[in-house]
S.K.: 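First the structure, which I've put down as structure tokens, then a few questions once you've had a look.
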Amino acid sequence: MGGTVRPAPQRGWNAWFFCIYEGGNDMFDFSSEEGRTSYRHTSSHILAQAVKRLWPDTKLAIGPAIDDGFYYDFDRDETFNKEDLEKIEDMMSKIIRENLPVERFVLPRVEARKMMEQMNEPYKVELIDDLPEDAEISFYRQGEFTDLCAGPHLESTGEVKAYKLTMVAGAYWRGSEKNKMLRRIYGTSFPDKGLLKEHLNRIEEAKKRDHNKIGRELKYFTTAECIGQGLPIMLPKGTRVLQTLIRFVEDEEIKRGYQYTRTPFLAKSDLYKISGHWYHYRDGMFLMGDTSALERGDPDADDSEIYALRPMTCPFQYHAYLNESRSYRDLPIRYAETSTLFRNESSGEMHGLIRLRQFTISEGHLICTPEQLEPEFKGALDLATYILDSVGLLEDVTYRFSKWDINNKEKYVGTAEEWEAVQDQMRRILNDLGLNYKEADGEAAFYGPKLDIQTKNVWGKEDTLVTIQIDFQQGKLFGMEYTDSDGQKKYPYIIHRTSIGCYERTLALLLEKYAGALPLWMAPEQARILPISDKHADAAKVIAADLIGKGLRVEVDLREEKIGKKIRQAQIEKAPYMLVIGDKEVEDGTLSVRSRYEGDLGTMAIDAVAEMLLREISDKIIHHQTL
RNA sequence: GCCGAUGUGGCUCAGUGGUAGAGCAAUUCACUCGUAAUGAAUAGGUCGUGAGUUCGACUCUCACCAUCGGCUCCA
């Protein structure tokens, strides 16, 4: 650290520390990516050191820094329970108090391997064996603990000021379910206790917005054990929102030149054999009929009478195209469908309304010539952007360019040349759009690369909201020719796309974003009329009928309760507007208006109330709502 | 599917090897009420399901189902 002057210590995000990495030391603060990574990386080494001190037989796997903290994977027969975590935390505190200096050193491959063998760390040996020829093999040592690690790290264990182990989970070695399941301990760390506490509080607050909790409490949906996992019952409130969203999306798509289809929910295996689903996606499908031969793996079995519920709409809509001979003059054809899909997800994967076995997607396929590919792709993205902006989710999304995995060719249809060519083409389009995206290998669909619009739920877990995919395979597989201007038969490109994604998932994310208080235009109940006493019930019913006639979603609270109680309940149930009616209002033909955001707005004429609400709805005004 | 946690009336939660309570909600009665909870009474649970251990299980064991978190997978 030759001659670097150490500034005065700072606290919080500006806390600085030196980090040791390849090539020397440098100073970073916690607000920098490098600073945070070093901080959490050293935290994970302290965790591993503590575990090794407590249970020396435990084998080490990997322990990186992640977005909000760090984890370390261990191979150990017993699970880590609550008491174990407490013991580990105590030992970590001790290691921090020991203020052990961290030291980096490099070994030639043979010696590195020998050292890890001597330390009886088979996972580390495997990691070394898989490092590229020319890689520098570095280790970090703190006290008696040495770990194979690329770094960077803090200068000393004493730099870690505040940390917390948050949970234990199973995780496959190297992320493959074919490998042994290891035991992963997650934690997080910060330069002071205040920041840690703030972070933990933020997580607690976020969980209060969990759609799975709020959506059930507010009666959007429910589930029943005897129906099954991933099969929610949408209650009237949830259904009203879905209906609102579906109408909005369908109307917008029709404006943009889409034609709607209604295709079957199931088909014979023959169809899926052509599309490739039978070979690339069968595990994800619900099959019907005699599947016993299939299960035995009998290659000569007759599976022509096996039906399957559709996991995707594509091959069905292709048959709409195939209904007549097509010319280049017909293209582009834009098919859309509000499509129910069925996927046999593994039992551990279902989550609220976010991962389901039956769901509804704003499906669509754009069938076009090579020249039309770019404008159609851009049009699809523009539509999705418009829709997501309208519901308020656009500000939360990131873009992912999902490519195939060249090392896993058997998962995909088509040749390497075709994949590389179409991916290059897609990259050009994305760059041309100036989209800020990150590339992801191995995330493509089996038939082509995708642009995924990603968002995060309250647990911080990323999910795909919308996807736009280029397919250069299925046109050919299905014989979807068109006659070009030169009289030649050609195969079209197909863009698979959604505009709002899966309606149930979008609803889930909306509930979380707005903590259950949806913007007026989407709210299942837009106003609740609250009579002061039952003397005003009849007038309330007449007004409700009037407002409902004007297109508003209105309910009346006719219970014999005090107005304070009715208001409290309407607030809790997230009614956007409360319309109080008593003697005064009946006499004047007015309503006393209360907004759940702004409180009492005073008395207004009934028509003025309707007009105000209708304007807020047509403008799709979004209130940013806290809990 | 794998690892771990959880499962008590509609909801939130107490509880103990000797066949269960509270608050909210519901129902009834009284009050006819002016911007976040009126009072009283009543009713409601084979303690997720099924086996097993036990004289006896909601409580112990096992299996299954569902919910939650993570892994894998994915819209």
Side-chain angles (χ1 to χ4, degrees), chain A residues 71 73 79-82 166-186 207 210 212-213 216-217 219 222-231 281 283-284 311-312 339 341 343-357 359-363 402 442-443 445 450 452-455 459-467 469 496 498 500-506 508 530-537 559-572 578-585 592-596 599-603:
Chain A
Y71 67 78
D73 286 348
T79 179
F80 292 106
N81 58 33
K82 248 194 190 134
T166 49
M167 64 177 168
V168 184
Y172 298 107
W173 166 238
R174 307 204 125 179
S176 168
E177 60 184 332
K178 294 187 190 87
N179 292 337
K180 183 166 184 183
M181 178 153 283
L182 307 174
R183 306 199 185 270
R184 174 174 297 179
I185 299 178
Y186 282 93
K207 285 178 191 168
D210 185 353
N212 209 2
K213 179 171 177 285
R216 289 171 195 272
E217 278 171 7
K219 299 181 193 165
T222 185
T223 47
E225 285 196 15
C226 60
I227 292 178
Q229 271 194 299
L231 301 168
Y281 205 84
D283 286 348
M312 300 175 193
S339 183
L341 302 182
R343 296 186 186 177
N344 191 7
E345 304 287 358
S346 305
S347 59
E349 283 158 9
M350 257 66 74
H351 170 68
L353 294 179
I354 286 182
R355 277 297 281 286
L356 300 173
R357 283 191 170 142
F359 55 95
T360 316
I361 198 167
S362 66
E363 186 76 271
S402 298
E443 296 287 348
K450 316 190 283 178
D452 292 321
I453 304 183
Q454 303 290 107
T455 186
W459 297 92
K461 182 159 176 150
E462 190 176 286
D463 265 305
T464 301
L465 194 52
V466 163
T467 178
Q469 313 172 356
H496 304 238
T498 65
I500 198 171
C502 159
Y503 285 97
E504 292 86 349
R505 177 177 289 186
T506 302
L530 309 178
I532 295 280
S533 79
D534 58 6
K535 283 191 301 195
H536 315 110
R559 295 171 311 157
E560 291 177 23
E561 294 290 351
K562 291 170 79 169
I563 193 66
K565 180 157 188 174
K566 291 183 181 179
I567 286 171
R568 175 180 158 76
Q569 194 154 349
Q571 289 279 148
I572 290 170
M578 286 147 270
L579 308 174
V580 178
I581 177 164
D583 286 339
K584 227 165 40 203
E585 290 79 7
S592 173
V593 181
R594 182 189 165 98
S595 150
R596 85 171 287 282
D600 196 344
L601 298 182
T603 304

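Just so it is clear: chains get the letters A, B, ... in the order the sequence lines come, proteins before strands, and each one is counted from 1. Keep in mind that the numbers below use all heavy atoms, side chains included, and drop hydrogens, waters and symmetry copies.
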S.K.: Both A/K584 and A/T467 contact RNA chain B. Taking the nearest nucleotide for each, which residue is further toward the 5' end?
M.R.: A/K584

S.K.: Taking the same atom, C1', in B/G39 and in B/C31, what whole-Å distance lies between them?
M.R.: 8 Å

S.K.: Would you classify A/E504 as touching base, sugar-phosphate or nothing, given that sugar-phosphate means primed atoms plus P, OP1 and OP2, and contacts are heavy atoms under 4.0 Å?
M.R.: nothing

S.K.: Please compare A/R568 and A/R559 by the position of their nearest nucleotide in RNA chain B and report the one closer to 5'.
M.R.: A/R559

S.K.: Return the value, rounded to whole Å, for the distance between atom CD of A/Q454 and atom C1' of B/C73.
M.R.: 14 Å

S.K.: With P as the reference atom in both, quote the distance from B/U6 to B/U19 in angstrom, rounded to an integer.
M.R.: 26 Å

S.K.: Would you check if A/I567 and A/L530 make a side-chain contact, meaning some heavy-atom pair closer than 4.5 Å?
M.R.: yes

S.K.: Please check if the side chain of A/K566 supplies one atom and the backbone of A/M578 the other of a donor-acceptor pair under 3.5 Å.
M.R.: no

S.K.: Out of B/A75, B/G69, B/C71, which nucleotide sits closest to the side chain of A/M167?
M.R.: B/G69

S.K.: Can you tell me if A/Y186 is stacked onto the base of B/G70, using a 5.5 Å centroid cut-off and an angle below 30°?
M.R.: no

S.K.: Just to verify, what does A/K219 make a salt bridge (Lys or Arg N to Asp or Glu O under 4.0 Å) with, not counting sequence neighbours?
M.R.: none

S.K.: OG1 of A/T498 to NE2 of A/H496: how many Å apart, nearest 0.5 Å?
M.R.: 12.0 Å

S.K.: Can you tell me how far C1' in B/C58 sits from the matching atom in B/G9, rounded to whole Å?
M.R.: 14 Å

S.K.: Nearest to the side chain of A/I567, heavy atoms from C-beta on, is which of B/G70, B/A36, B/G34?
M.R.: B/A36

S.K.: Taking CZ from A/R357 and C1' from B/G1, how many angstroms apart are they, rounded to a whole number?
M.R.: 10 Å

S.K.: Report the distance from atom CE of A/M578 to atom P of B/A36, rounded to the nearest whole Å.
M.R.: 10 Å

S.K.: Write out the stems for RNA chain B, ordered by first number and formatted as range with range, counting runs of at least 3 consecutive Watson-Crick or G-U wobble pairs under 3.5 Å.
M.R.: B:1-7 with B:65-71, B:10-13 with B:21-24, B:26-30 with B:38-42, B:48-52 with B:60-64

S.K.: Would you list the protein and nucleotides 27-33 of chain B atom pairs, both N or O, that sit under 3.5 Å from each other?
M.R.:
from  : atom 1 : to     : atom 2 : distance (Å)
B/C31 : N4     : A/E560 : OE1    : 3.3
B/U32 : O2     : A/S533 : OG     : 3.4
B/U32 : O2     : A/D534 : N      : 3.4
B/U32 : O2     : A/D534 : OD1    : 3.1
B/U32 : N3     : A/D534 : OD1    : 3.2
B/U32 : N3     : A/D534 : OD2    : 3.2
B/U32 : O4     : A/D534 : OD2    : 3.4
B/U32 : O4     : A/E560 : OE1    : 3.2

S.K.: Could you state the atom-to-atom distance from CD1 of A/I354 to P of B/U67 in whole Å?
M.R.: 14 Å

S.K.: Taking salt bridge (Lys or Arg N to Asp or Glu O under 4.0 Å) as the test, write out the residues that go with A/R184, two or more places apart.
M.R.: A/D73

S.K.: I'd like the C1' distance from B/U49 over to B/A66, given in whole Å.
M.R.: 10 Å

S.K.: Which value, in whole Å, describes the distance between the P atoms of nucleotides B/U72 and B/C64?
M.R.: 24 Å

S.K.: Could you tell me if the side chain of A/T464 sits less than 4.5 Å from the side chain of A/R505, heavy atoms only?
M.R.: yes

S.K.: For the pair made of CD in A/E217 and C1' in B/C24, what is the distance, rounded to whole Å?
M.R.: 12 Å

S.K.: With no angle test and no hydrogens, is the base of B/A25 tied to the side chain of A/Q569 by a donor-acceptor pair under 3.5 Å?
M.R.: no

S.K.: Reading nucleotides 2-8 of chain B 5' to 3', which nucleotides get B (base under 4.0 Å from a protein heavy atom), which S (sugar-phosphate only), which -?
M.R.: BBS--B-

S.K.: Starting at NZ of A/K219 and ending at P of B/A25, how long is that distance when rounded to a whole Å?
M.R.: 12 Å

S.K.: When rounded to the nearest Å, what value does the distance between P atoms of B/A20 and B/G45 take?
M.R.: 12 Å

S.K.: Checking side-chain contact (heavy atoms from CB on, under 4.5 Å) between A/E504 and each of A/I354, A/I361, A/L356, which is the one that passes?
M.R.: A/L356

S.K.: Ignoring backbone atoms, establish whether A/Q229 has a side-chain N or O less than 4.0 Å from OP1 or OP2 of B/C65.
M.R.: no

S.K.: Do A/T223 and A/R216 touch side chain to side chain, with heavy atoms closer than 4.5 Å?
M.R.: yes

S.K.: On a whole-Å scale, what distance lies between the P atoms belonging to B/G70 and B/C29?
M.R.: 50 Å

S.K.: Looking at A/K178, does any N or O in its side chain come under 4.0 Å of the phosphate oxygens OP1/OP2 on B/C71?
M.R.: no

S.K.: Counting any heavy atom closer than 4.0 Å, what does A/R184 reach on the DNA or RNA strands: base, sugar-phosphate only, or nothing?
M.R.: sugar-phosphate

S.K.: Measuring only the P atom in each nucleotide, how far is B/A22 from B/A43? A whole number of Å is fine.
M.R.: 12 Å

S.K.: Please examine the side chains of A/R594 and A/Q571, heavy atoms only from C-beta on, and report whether any two atoms are closer than 4.5 Å.
M.R.: yes

S.K.: Just call it for A/G582: base, sugar-phosphate, or nothing, with non-hydrogen atoms closer than 4.0 Å on any strand.
M.R.: base

S.K.: To the nearest 0.5 Å, tell me how far A/K562 NZ sits from A/S533 OG.
M.R.: 13.0 Å

S.K.: Once you round it to whole Å, what is the distance between P of B/A75 and CZ of A/R343?
M.R.: 5 Å

S.K.: Less than 3.5 Å between a donor and an acceptor, one on the side chain of A/R355 and one on the base of B/C73, is that the case here?
M.R.: yes

S.K.: Does A/G599 reach a base, just sugar-phosphate, or nothing at all? Heavy atoms under 4.0 Å.
M.R.: nothing

S.K.: About how many Å separate CD of A/Q229 and CD of A/E349, when rounded to the nearest 0.5 Å?
M.R.: 10.0 Å

S.K.: For A/Y186, which residues count as a ring-ring contact (aromatic ring centres under 6.0 Å, His included) partner, sequence neighbours excluded?
M.R.: A/Y71

S.K.: Starting at NE2 of A/H536 and ending at C1' of B/G34, how long is that distance when rounded to a whole Å?
M.R.: 10 Å

S.K.: Within the 4.5 Å heavy-atom criterion, are A/D210 and A/W459 side-chain neighbours or not?
M.R.: yes

S.K.: Give the minimum heavy-atom separation between A/G501 and A/V466, together with the two atoms involved.
M.R.: N-CG2, 3.8 Å

